[in-house]
Amino acid sequence: MAVVIIGGGQGGFQTAASLRAEGYQERITLIGDEPGVPYQRPPLSKGFLLGKQEQRHAELRPAAFYEMQRITLVKGRVAAIDRASRRVALDSGDHIQYDTLVLATGARNRQLSHEGVAYENVLYLRTLGEAAEIRQRLEAANDVVVIGGGFIGLEVAAAARTLSKQVTVIEAQERLMARVVAPVVSEYFRIEHEAKGVDVLLNATLRGIGEKEVLLGERTRRPADLVIAGIGVVPNVELAIEAGLPAGNGITVDKYLRTPDERIYAIGDCAECPSLFAETCVRLESVQNAVDQATCVAKAIVGHSAPYAAVPWFWTDQYDIHLQMAGLPAGFDHVVTRGNPETRKFSVFYFRGERLCAVDSVNRPADHLAARKLIGARTALNPDQAMDEDFDLKTALN
Ligand code: FAD
C-alpha cells in the first residue's frame, strides 16, 4: 500500500498529516515542485509583505516533522500519470508507484494579456518566491498599481498603502470583490481603502502597461513603478485531463472527492465537487476547503469514507479589518445587515428564499462562528432575527 500526493501545498500537506493522524502506517510520498517545505499562502499577501512575518512563519511544519512522520518529500514536477500501471512520472525521469493517488495541484495565476505585460515591473502573487520579490521591490517603489479588486489585490493594496506607497486599484467591475460579497460589503471596503488614501478606480478598463505607467480608458494614465496583478486563478487540471480524467472548472470529483478512477482523489483549489451548500458543483479557493477536503480524503483512504459536508468559510485581512465569510452566497435574493457599517463592526446575512445561505462578518468574529453553525445545521433563522442585535444567534441553534 502506498499513497502518493501530487502538490505540496496546503491540501497536499494536510492529506499527508491527516493520514498519519488517522493511523495510516504505509508509505506516503508528497511530491511538490516548489522549493522548501510546504507552506501556507495567506501570510504572503498580509504580514509577509509588511515584513511582520518571515518564511518560517508561513511554513506549515519544520523539516523534522516529515522525517518523524515518515512522509517522503519529493521535489519535482509530475509530468504524467499512468493509470494502467499506477505510477506517476516525474520531470526527472523517475517513476513512483501508487495504490492511491491524491491530486492537490492547486491553481496558478491568470495572466494579463495586455500590451506591456512583459515589463519587469509587472508581478503576480501566488508563491513564496513571488511574495519575496514583491516585498523587496516595494521597498524602492513609490507608485504601486494593483490590477484587480478581489481579495488578493485588496490585501496587497492595503499592505502597500500601510508601507506609505501611492496605491491605485484598478477594478473592471462596478464594485470591489463583486464575485463574492454583497454590495454593502463592497461599498464598505471601497470607503475604507479610500479613507486610507488608495485611489480606487471602478469600471476601469486597462488598455496597456508602459515602462513606468499603466494606461486606462482613452486618455487616463497612472504612474506605476510596480504593477501587481490579482485577476484570479486557473486550476491546474492538465495532468488529470492528460490521464483521461474529466475536468471542467476543476478536476471533476464526486461527493467523496473521488474521480471516476476509484484510486484517484482530487482536493483543494484544483477540484470541483458537489456541495451541500450550493445548487451546482463548486470549486473553492480557501484554506478551509483544502484542509477539510484533505481530511475527508485521508479518512476515506483508511476506510472511513463519508461525503464531504464541511461548511465553506474564508477570511481576508485588510488594514485592521477582519472579514470572515461563512457559507456560499451564490444565488442569494436578499440580504439584511446586523450592526452598522459606520461602527466598523457588522455582519451581512444572505438569504436564498427562506434559507440562510451565507454570512459575511466584519470585525464580528462571534457572528461568524454562530453563522458557521447555523448554516451547517440548516437552522431556520429569519431576517428579522438576523438583524436584531438583541437576538442571540446561538439560541436559533437550540
Ligand atoms: P496550493 O496551496 O496552491 O498547492 C498546490 C501545489 O501543487 C503548489 O505548490 C503547486 O506548485 C504544486 N503543483 C502543481 N502541479 C504540480 C505538479 N505537476 N507536480 C508537482 N507539484 C505540482 N485562503 C484563505 O482561506 N484565506 C486567506 O486569507 C487566503 N489568502 C491567500 C493569499 C494568497 C497570496 C494566496 C495565493 C492564496 C490565499 N488563499 C487564502 C487561498 C489558499 O491559500 C488556497 O486556497 C490554498 O493554498 C489551496 O491549497 P491547495 O493545496 O489546493 O493548492
Side-chain angles (χ1 to χ4, degrees), residues 4-17 29-49 53 58 60 73-81 88-92 94 96 101-110 123-132 134-135 148 150-156 158-159 180 228-243 250-251 257 265-273 283-294 297 312-318 322-326:
V4 170
I5 303 158
I6 307 177
Q10 188 87 53
F13 156 78
Q14 190 62 51
T15 308
T29 308
L30 179 55
I31 309 170
D33 60 356
E34 291 190 65
V37 290
Y39 62 90
Q40 50 181 324
R41 303 189 191 280
L44 304 186
S45 47
K46 306 176 182 74
F48 185 84
L49 285 188
Q53 282 170 305
L60 285 156
L73 290 183
V74 172
K75 289 288 142 208
R77 189 161 180 80
V78 174
I81 302 165
V88 300
L90 279 97
D91 265 353
S92 62
D94 289 345
I96 302 176
L101 182 65
V102 180
L103 305 176
T105 50
R108 59 187 181 271
N109 281 319
R110 185 169 291 137
L123 302 178
Y124 297 84
L125 176 53
R126 177 86 193 170
T127 66
L128 194 49
E130 289 166 337
I134 293 175
R135 174 161 137 175
F151 293 127
I152 306 280
L154 293 177
E155 288 179 1
V156 171
V180 276
I228 300 159
I231 54 167
V233 300
V234 180
N236 291 325
V237 297
E238 292 75 7
L239 203 54
I241 292 176
E242 282 157 22
I251 302 165
L257 307 173
Y265 295 85
I267 59 162
D269 283 16
C270 71
E272 185 177 45
C273 72
R283 186 183 66 77
L284 300 175
E285 296 158 18
S286 74
V287 168
Q288 169 278 322
N289 182 64
V291 168
D292 286 342
Q293 290 195 340
V297 163
W313 57 268
F314 190 85
W315 80 95
T316 174
D317 293 324
Q318 297 166 34
H322 189 46
L323 168 65
Q324 294 167 291
M325 293 146 275

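Every number for a ligand or one of its atoms is a count from 1 in the order of the listing.
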Requested in this report: Find all atoms of ligand 1 within a distance of less than 4.0 Å from any non-hydrogen atom belonging to Leu239, and give their numbers and elements.
Outcome: 18 (N)

Query - Donor-acceptor pair, side chain of Arg283 and main chain of Cys273, under 3.5 angstrom - result: no

Report task. For Glu34, take its heavy atoms, then give the atoms of ligand 1 lying under 4.0 Å from any of them. Result -> 8 (C), 9 (O), 11 (O)

Query raised in the report: Taking the non-hydrogen atoms of Lys46, is any one of them nearer than 4.0 angstrom to ligand 1?
Result: yes

Query raised in the report: Of all heavy-atom pairs between Gly106 and Cys270, which one has the smallest distance, and what is that distance?
Result: O-CB, 3.3 Å

**Report entry** Interatomic spacing from CG in Leu257 to CG in Leu103 - rounded to 0.5 Å
**Finding:** 11.5 Å

Query raised in the report: Does Thr105 reach the main-chain N or O of Gly7 with its side chain, forming a donor-acceptor pair under 3.5 Å?
Result: no

Report task. Could you establish whether Gly76 and ligand 1 come within less than 4.0 Å of each other, counting only heavy atoms on the residue side? Result -> yes

Report summary line: A student checking ligand 1 against Gly11 at a 4.0 Å heavy-atom cut-off should list atoms 49 (O), 50 (P), 51 (O)

Query raised in the report: When only distance counts, is Trp315 in polar contact with ligand 1, meaning an N/O pair under 3.5 Å?
Result: yes

Query raised in the report: For Arg41 and ligand 1, does the shortest N/O to N/O distance drop below 3.5 Å?
Result: yes

Report summary line: The protein heavy atom nearest to atom 24 (C) of ligand 1 is Phe314 CE1, 3.4 Å

**Report entry** Which segment of Phe151 sits under 4.0 Å of ligand 1 when only heavy atoms are counted
**Finding:** neither

Report task. Using atom types as modelled and distance alone, determine if a side-chain donor or acceptor of Asn109 lies under 3.5 Å from a backbone N or O of Leu125. Result -> yes

Query - Residue and atom name of the nearest protein heavy atom (relative to atom 7 (O) of ligand 1), distance in Å to one decimal - result: Gly7 CA, 3.2 Å

Query raised in the report: Between the side chain of Asp317 and the main-chain N/O of His322, is any donor-acceptor distance below 3.5 Å?
Result: no

**Report entry** Steps toward side chain to side chain donor-acceptor pair (under 3.5 Å) verdict (Arg126, Tyr124)
**Finding:** CA-CA 7 Å; Arg126 177 86 193 170; Tyr124 297 84; over 6 Å; no

Requested in this report: Compute the minimum heavy-atom distance from Thr316 to ligand 1 and say whether it is under 4.0 Å.
Outcome: no

Query raised in the report: Could you give the distance from CD (Gln10) to OG (Ser286), rounded to the nearest 0.5 Å?
Result: 9.0 Å

Query raised in the report: What is the closest protein heavy atom to atom 3 (O) of ligand 1, and at what distance does it sit?
Result: Arg126 NH2, 2.7 Å

Query raised in the report: Can you tell me the protein heavy atom closest to atom 14 (C) of ligand 1 and the distance?
Result: Thr105 O, 3.1 Å

**Report entry** Distance filter under 4.0 Å to Glu285 heavy atoms, resulting ligand 1 atoms
**Finding:** 45 (O)

Query - Heteroatom distance test (Gln10, ligand 1): nitrogen or oxygen, under 3.5 angstrom - result: yes

Query - Protein heavy atom under 4.0 Å of atom 39 (N) of ligand 1 - result: no

Query - Closest to atom 45 (O) of ligand 1 (judged by heavy-atom distance), picking from Asp269, Val88, Leu90 - result: Asp269

Report task. Identify, by atom number and element, the atoms of ligand 1 in contact range of Gly268, meaning under 4.0 Å from any of its heavy atoms. Result -> 52 (O)

Query raised in the report: At what distance is the nearest protein heavy atom to atom 10 (C) of ligand 1, and which residue and atom is it?
Result: Asp33 OD1, 3.4 Å

Query raised in the report: salt bridge (Lys or Arg N to Asp or Glu O under 4.0 Å) between Arg108 and Glu238: does it pass, once the steps are laid out?
Result: CA-CA 12 Å; Arg108 59 187 181 271; Glu238 292 75 7; 2.7 Å; yes

Query - Side chain, backbone, both or neither: the part of Ile152 lying under 4.0 Å from ligand 1 by heavy atom - result: side chain

Requested in this report: Look at atom 31 (C) of ligand 1 and find which of Pro42, Ala104, Ala131, Ala107 reaches it with the closest heavy atom.
Outcome: Pro42

**Report entry** Lys46 (side chain) donor-acceptor with Gln318 (main chain) under 3.5 angstrom
**Finding:** no

Requested in this report: Check Val74 against Leu90 and note the closest heavy-atom contact, atom names and distance.
Outcome: CG1-CD2, 3.8 Å

Query - Heavy-atom nearest neighbour of atom 42 (C) of ligand 1 within options Leu128, Val287, Val156 - result: Val287

**Report entry** Full working for side chain to side chain donor-acceptor pair (under 3.5 Å) between Thr127 and Glu34
**Finding:** CA-CA 8 Å; Thr127 66; Glu34 291 190 65; 4.7 Å; no

Query raised in the report: Can you tell me the protein heavy atom closest to atom 16 (C) of ligand 1 and the distance?
Result: Arg77 NH1, 3.5 Å

Query - N or O pair under 3.5 Å between Ala290 and ligand 1 - result: no

Report summary line: Atoms of ligand 1 under 4.0 Å from any heavy atom of Ser45, numbered from 1 in the order shown, are 32 (C), 33 (C), 34 (C)

Requested in this report: Kindly confirm or rule out an N or O of Asn236 lying under 3.5 angstrom from an N or O of ligand 1.
Outcome: no

**Report entry** Derivation and outcome, side chain to side chain contact (heavy atoms under 4.5 Å, CB included), residues Phe48 and Arg135
**Finding:** CA-CA 8 Å; Phe48 185 84; Arg135 174 161 137 175; 3.6 Å; yes

Query raised in the report: Quick one: nearest non-hydrogen protein atom to atom 53 (O) of ligand 1, plus distance?
Result: Gly106 CA, 3.3 Å

Report task. Using side chain to side chain contact (heavy atoms under 4.5 Å, CB included) as the criterion, point out the one residue from Leu30, Val297, Val4, Ile6 that pairs with Val102. Result -> Val297

Requested in this report: Check each atom of ligand 1 against the heavy atoms of Gly9 and keep those under 4.0 Å away; list them by number with element.
Outcome: 2 (O), 4 (O), 6 (C), 51 (O)

Query raised in the report: So which heavy atom on Pro38 is nearest to which on Phe13, and how close?
Result: CB-CB, 3.9 Å

Report summary line: Counting from 1 in the order shown, the ligand 1 atoms closer than 4.0 Å to a non-hydrogen atom of Ser286 are 23 (N), 25 (O), 45 (O)

Query - Check: Gly268 main-chain N/O paired with Gln293 side-chain donor or acceptor under 3.5 Å - result: yes

Requested in this report: Take Thr316 and Glu155 through the side chain to side chain contact (heavy atoms under 4.5 Å, CB included) test and state the conclusion after the steps.
Outcome: CA-CA 8 Å; Thr316 174; Glu155 288 179 1; 2.5 Å; yes

Query raised in the report: Which heavy atom of the protein is the closest neighbour of atom 19 (N) of ligand 1, given with residue, atom name and distance?
Result: Val78 N, 2.9 Å

